[in-house]
Engineer: 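Could you have a look at this structure, given as structure tokens, before my questions?
Per chain, numbering begins at 1; letters A, B, ... match sequence-line order. Heavy-atom basis, side chains included; hydrogens, waters and symmetry copies ignored.
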Amino acid sequence: MTDVVSSGAARTSAAGTSLDHTPPSGEVTGGEPGQQPEAGLWGDARRQLIRKPMFVIPTIFVLIMTSLAVVPFLWTSKDPLACTVSGGLSRNPPSAEHWFGTSILGCDYYAQAIYGARNSLLIALVGAIGVVLIGGVIGMLAGFFGGWTDAILSRVTDIFLGLPFLLGAIVFLTVLKTRNPWTIAAALIILGWTVIARIMRGSVIAAKHLDYVQAAKALGASRSRLMFRHILPNAVAPVVVYATILLGLFVSAEATLTFLGVGLQPPSVSWGIMITQHDGYYHEDPFLLLIPVGFVVGTVLSFILIGDALRDALDPRLR
Amino acid sequence: MGRYVIRRLLQFVPTVLGAMFVLHYLTSVAIQFTGNPVRAIFGDRTPPQSVLENLTRRLGLGDPCLEQPFNPCFSLFGKRLDAIFLHLDFGTDFNERAVTDIVAGALPHTARLTLIAILFELVVGIIVGVLAGLRNGGFWDYLVKVSTVLLIAVPVLVLGLLVRDFVNVKFGNVLRGVDGMPELISRGFFAPTWSSNHPWASLLMPGLVLGALSLATVARLTRASLLENVRADYVRTARAKGLASNRVVGVHTLRNSLIPVVTFLGTDLGALMGGAVVTEGIFSVPGIGRQVFAAIFTGETTVVIGIVTMLVLVYLIASLAVDMLYAVLDPRIRYD
Amino acid sequence: MTADVTLDVEGVADPSRTGPALEVTDLQVEFRTRAGLAHAVNGVTFHVDAGETLAILGESGCGKSVTAQAVMGILDSPPGFVTGGQIRYRGKDLLKMSEQQRRAVRANQIAMIFQDALSALNPVFTVGFQLAELFRKHRGMSRAEGRKRAVELLDLVRIPAARQRVRDFPHQFSGGMRQRVMIAMALALDPEVLIADEPTTALDVTVQAQIMSLLAELQRERQMGLILITHDMGVVADVADRISVMYAGRMVEQAPVHEVYARPSHPYTKALLESVPRLDQKGRQLSVIQGLPPTLTAIPPGCAFNPRCRYAREECRQPPVPPLYEVADRHASACHFWQEVRQDD
Amino acid sequence: MRARFPVKLAAAAAATALLATASACASDGGGGEEPEGTTGGTLRVFLSEPDSLMPSGANDSESNQVITEIYRGLTKNVIEGGVENIIAESIESEDNITWNIQLKEGFTFTNGEPVDADSFIRAWNYAAYGPNAQDGAGFFERIVGFGEMQADPPEAEELSGVTKVDDYSFTVELSAPFVGFPQTVAYQSFLPLAEACLADVDACNEMPISNGPYMLASAWEHDVQVALVKNPDYIGEDTVFADEIIMRIFESSDAAYAAFQGDELDVIDQIPAERLAEAEAQFADGLFQTANNSLTYLGIPFYDERFEDVRIRQAFSLAIDRQAIIDAALGGTQRAASGWVSPLFEGQRDAACTTCEYDPERAAALLEEAGGWEGELTLTANAGADHETWMQALGDQLNQNLGIEYTLDVGQQFAEYLATLENQDAVGPFRLGWGPDYALMETYLTHLYATDQSSNYGFYSNPQFDDLVAQGDSAPTEQEAIALYQQAEDILNEDMVTIPLWWGTQSVLYNPDVVAELNFNPIDYEDYGLTTMAAGG
């Protein structure tokens with residue numbers, strides 16, 4: 001009894017049903033499996049993504065926001081902190097002079113929105129990177145070594161997962177004396193790494209049992225080689241997707257923490273501070289609330305859409 | 001199954017103790033660096049030293065380790081564990097109200113709020129998710145996708161304020177002006193803030209706001225997992241069996257698609273209870289969120305440790321319950 | 001087989017079960033995907049009579065399963081669309097029916113067995129529920145009646161302790177038992193045509209034989225038309241009456257089973273046969289078919305097999321596609337050079 | 001939020017005109033003008049969660065609002081300023097040291113116990129006793145024997161300066177002369193307590209055994225409400241109006257304002273500053289505005305030598321455009337301060353401060369004369385009380401007018417903040433506020449500026465000031481005392497001891513269908529019992 005398809009790449013029967021009616025689009029299985037399985041995956045994803053408006057538009061938006069954060073002076077020549085309440089400059093409506101009007105303290109609201117991007121995005125970025133590094137390492141170790149390492153790390157993960165995010169972050173931030181983007185990011189990292197750790201652990205355990213990893217192991221690959229060359233590349237896609245969404249959620253978290261009084265403090269400039277200082281005025285001057293909320297919502301929305309698109313592109317099951 | 005549950009319950013012990021220690025340490029460090037929080041009770045007026053000292057001691061913050069930066073205060077932690085586990089004494093807040101009383105007073109409100117939020121996110125989230133999943137790529141799908149992402153993106157404080165001021169106050173006032181409008185609606189469902197006259201009805205709007213974020217997640221999860229399952233072989237089998245399409249979706253696809261939703265709910269329960277701070281504040285719901293929130297700032301460590309530990313426990317029990325439910329939903333999973 | 005044979009008596013007695021039960025004419029199916037338009041089925045024609053077994057043979061991706069799904073009306077749509085041809089059951093074109101009418105045909109008149117019973121059975125319901133569901137929804141029976149029928153069906157496919165096992169979930173059965181459940185499900189409403197899509201591929205060799213003989217036996221008893229979709233030449237030889245060989249969405253050869261083995265008239269069929277190890281030719285090297293089957297988005301012009309064909313000439317690389325030549329009685333081949341193929345041995 | 005600086009301080013009228021229109025004096029019953037409005041009905045008012053309903057157990061304004069209605073003491077603060085006797089028949093002294101107190105008979109607690117000399121003495125001893133750690137203990141420090149009760153271990157359990165004469169009279173001996181004693185005893189720490197209350201303090205806190213015109217209808221529902229009904233056995237002559245006062249507890253004034261808009265409250269005495277303009281427009285016929293007695297000031301760390309030169313301090317004060325900050329960042333809810341005593345107090349003068357007017361040129365000139373400013377300036381305020389925004393505006397002005405670069409330190413919670421100030425760790429001007437304890441202008445002076453006083457966070461010391469205040473305390477009459485206190489205030493001006501920023505104003509919204517007239521006094525804020533009800537309301 002022999003499979004008539006004796007030449008070419010063997011397709012596993014598990015995938016048979018889906019491959020049966022989905023025409024193969026570019027051969028991804030060639031070459032040495034396990035060496036660079038994701039090169040095809042990522043390359044494929046990229047080709048697919050650049051054609052999707054739900055990916056391209058948010059990406060452009062995020063790039064613009066990033067440029068606000070990196071080179072705000074290209075966007076405005078005004079100083080966001082040159083404020084005065086004297087002379088009726090408080091809460092002016094948008095005008096040619098002040099595109100977004102002025103804040104309650106008479107600051108140029110446009111300049112504040114531009115410069116506010118830096119702190120908001122910095123917190124999100126540092127937070128997300130930290131979460132990926134810490135959560136990634138812990139999840140990787142727990143998944144890879146298993147046994148006692150896993151038991152202990154999983155309990156530690158449970159502890160931090162059980163702490164309510166917002167309350168935990170508030171406790172942590174009240175302990176810290178200084179409030180700057182770094183400490184706020186630290187709070188987000190300490191409370192946020194657990195989910196990544198779980199995702200990573202799950203992916204690593206799944207990858208550990210993949211045939212080619214077993215094969216590499218049988219061929220005597222070293223632990224570190226197994227981990228970094230064979231397992232990590234497989235586990236990285238879901239982490240990237242989640243981290244992208246986290247970027248968005250962290251932008252939102254900055255606003256919430258600042259609103260609750262444990263975030264950034266004036267005279268720093270951030271979207272969260274803008275919202276906090278003006279949330280009570282939205283009946284009289286809605287633009288004071290809507291402008292910073294618009295920036296936050298736009299950014300969060302963009303990151304989530306990018307994350308969604310990445311997931312669709314990277315998940316072979318959904319192709 | 002029994003052994004599995006016992007093993008999981010045993011695992012709770014290190015987790016709960018660990019969480020308590022983290023909280024104990026953080027709050028101790030806070031006191032070590034910021035000074036005796038009891039002092040703030042007296043406001044601008046400096047109290048007689050003896051009064052301050054006596055009160056500090058009575059509130060359990062007299063341990064000298066609280067004056068040594070980074071001292072982990074193990075003996076104080078021991079005393080706290082002893083009081084809590086051997087004498088069921090969770091301490092008091094600065095007004096010397098027992099933490100157990102505070103929880104007993106506040107928890108029912110938060111529990112109701114959470115229940116409403118969960119029901120809302122479940123019912124609406126799943127319906128919307130199914131709708132979007134079945135119309136994959138269509139108008140409804142995009143509408144659901146964009147609106148759920150929007151719900152996630154709008155900070156809850158903004159959403160809460162808008163709902164309160166426009167729906168509950170403005171629209172509610174219109175209803176309150178209508179003759180013959182039942183109070184349950186005009187002063188219950190549309191009460192401007194939580195009202196003790198309608199303890200359930202006036203939690204509806206706060207519950208919807210609280211559930212909105214998770215609603216979006218439930219809808220997205222349902223949609224994604226439905227899309228995944230709709231292509232499953234057994235769904236094709238169901239169609240080959242000549243079953244009507246709503247039975248194919250409602251029975252054969254949905255049951256499987258709910259598994260990730262259930263998993264999410266487990267983690268969400270704890271998050272909702274702990275995340276209700278903002279919602280409870282906006283709608284003045286006397287729940288535990290605002291108790292902890294106030295306690296953090298005033299340095300009422302016993303309240304923080306007591307309530308947050310309880311939330312951790314709720315989270316753990318919920319995740320255990322979810323795992324059991326998981327086994328019910330997916331017979332392939334067996335715990336032993 | 002139990003004595004309680006209420007299930008099949010009516011089937012056997014049905015005088016209408018003669019002549020072609022199912023006729024598929026010039027069926028065309030395409031997939032509209034991001035990678036482009038894929039022509040999965042390009043004018044497939046076949047028929048199956050009551051009590052007859054037709055084997056559709058071909059490699060993975062040649063369109064066999066798509067054809068089966070198109071007949072059942074369970075193509076995932078989008079991306080799959082039937083763009084032409086007719087599927088006639090007892091003369092009525094299924095493609096012209098409403099979805100509701102077609103639903104009534106499924107399981108009642110035409111049923112299907114899937115390759116991987118583990119994934120084809122819903123993991124979260126008991127097999128009893130999944131069997132009883134058919135009786136409840138198509139016959140309006142109560143849960144209890146449905147359950148009783150389910151037990152009878154499990155008995156019919158010789159699952160031991162059927163009364164207990166109806167309460168089990170699919171994953172609690174062995175592979176062979178699971179496939180028996182699958183067969184029971186297909187036979188439940190006593191269909192006239194049964195499509196079996198690679199019913200034994202996922203099974204151990206010993207189990208494969210049991211399942212095939214069970215299937216053959218039930219088919220004989222009930223005078224069903226059986227369409228056996230497979231890539232396994234070995235299975236075909238034992239049970240099939242006729243064979244249709246498919247390649248890249250087309251029929252390339254159709255003939256009674258002995259004809260095919262004796263005188264394959266298409267280079268592809270011939271290559272397939274040569275790749276099967278045979279006891280009588282022990283020691284001879286097995287030949288393999290060079291190259292890969294074509295991508296359905298880019299089927300080569302002319303004969304689709306030409307890049308892999310040792311008989312291929314310039315003519316084969318140009319349109320039109322070779323028609324089915326009548327090479328003998330009830331034997332057709334879509335090769336310009338069928339004579340050469342038949343002579344060459 | 002507990003124990004913050006009481007923002008909801010007393011309210012009465014800033015100007016006499018306001019006083020006349022906005023307040024109805026209900027206390028003198030029969031004679032003169034009948035108060036507008038009627039009695040009866042239910043009044044639903046805003047409350048934040050009180051710390052305690054034990055009179056000496058709290059010093060927050062929320063607790064005071066409830067306690068004011070359910071307890072009555074020797075004297076009571078009244079709208080016009082000053083106090084009137086309630087349970088005291090008389091409080092008299094020859095030398096301002098020994099005070100003889102005669103009580104009226106017939107007052108009872110809600111459990112039937114009589115309100116007699118013992119009920120006061122037991123309450124005061126309880127409050128002052130160190131190990132009881134009562135929030136209000138500090139108010140007894142002027143009484144002989146207080147120190148002994150604070151020693152560790154305590155040397156006495158009772159105030160040796162308080163002596164019972166008979167069932168309805170007792171004497172109090174002070175450690176130094178103090179003319180303001182009758183005003184002081186209006187404070188809640190001096191209220192009498194029933195024996196049964198002290199037998200079970202926790203129960204008495206949840207369901208007080210009180211002696212006032214109102215009592216709790218049911219036990220305190222924490223975070224939900226305190227429901228008051230009229231006490232049928234109350235015999236005092238001070239009339240109260242509403243039959244029922246429901247004090248609904250809200251977490252924030254923002255939420256309470258929503259409830260008011262949605263007709264869930266009849267009175268709200270705290271309107272979020274940001275919503276004030278909107279409220280003024282929407283509820284014009286139910287808005288009551290008046291000055292209140294809070295004073296917000298910028299403290300000067302006298303231990304920081306950069307502030308040694310008085311011209312620097314004056315320059316800072318002159319560089320601040322108080323009105324602009326109030327309008328922009330505080331929703332117009334404050335009134336620019338021009339002195340150290342609230343306008344509602346007898347003896348206050350509008351121009352007590354001569355360098356509180358905005359004058360950037362003079363500010364810059366003074367700074368230059370004093371040698372300019374070097375380095376960065378840190379402005380400090382406590383966290384969590386919305387001080388960040390206006391502090392930023394203030395910093396902007398110093399920057400603009402004096403060219404001083406500033407940073408804000410607004411991250412410390414109140415306890416830590418006070419510790420910083422007490423430990424002389426402040427590195428620049430710091431925000432503080434003050435509210436009066438009793439109806440005498442001295443309440444703004446001694447505690448804040450006298451040498452080594454507990455709330456003298458700037459560590460200012462001027463013997464001349466100390467002396468003038470002491471002279472005032474022992475003056476034979478209140479009028480003479482006030483003249484001396486005013487001289488003391490002039491010293492503060494010369495030394496520019498702190499930078500007064502603004503006096504509070506109170507904006508109260510009420511539903512005119514329910515409420516006829518509100519009633520405020522400078523110390524106890526809104527006295528809801530004295531709020532008259534609209535006919536048919």
Engineer: Let me know if B/Val251 has heavy atoms under 4.5 Å from chain C in its side chain, its backbone, both or neither.
Structural biologist: both

Engineer: Given a strict heavy-atom distance threshold of 4.5 Å, which part of C/Leu121 is in contact with chain B: side chain, backbone, both, or neither?
Structural biologist: backbone

Engineer: Between B/Arg223 and B/Asp141, does at least one N-O distance fall below 4.0 Å, as a salt bridge requires?
Structural biologist: yes

Engineer: Should the pair C/Arg147-C/Glu145 be classified as a salt bridge under the 4.0 Å nitrogen-to-oxygen rule?
Structural biologist: no

Engineer: Thinking salt bridges, do C/Arg106 and C/Glu99 make one under a 4.0 Å N-O criterion?
Structural biologist: yes

Engineer: So for B/Ala244, is it side chain, backbone, both, or neither that comes closer than 4.5 Å to the heavy atoms of chain C?
Structural biologist: both

Engineer: Non-hydrogen atoms of chain B under 4.5 Å away: do they reach the side chain of C/Gln130, the backbone, both or neither?
Structural biologist: both

Engineer: Can you tell whether the side chains of C/Lys64 and C/Asp197 come within less than 4.0 Å, N to carboxylate O?
Structural biologist: no

Engineer: With a distance cut-off below 6.0 Å to the six-membered ring centre and an angular limit of 45° from the axis, does C/Arg149 pair with C/Phe135 as a cation-pi contact?
Structural biologist: yes

Engineer: For B/Ala240, is it the side chain, the backbone, both, or neither that has a heavy atom closer than 4.5 Å to a heavy atom of chain C?
Structural biologist: both

Engineer: Given a strict heavy-atom distance threshold of 4.5 Å, which part of C/Ala111 is in contact with chain B: side chain, backbone, both, or neither?
Structural biologist: neither

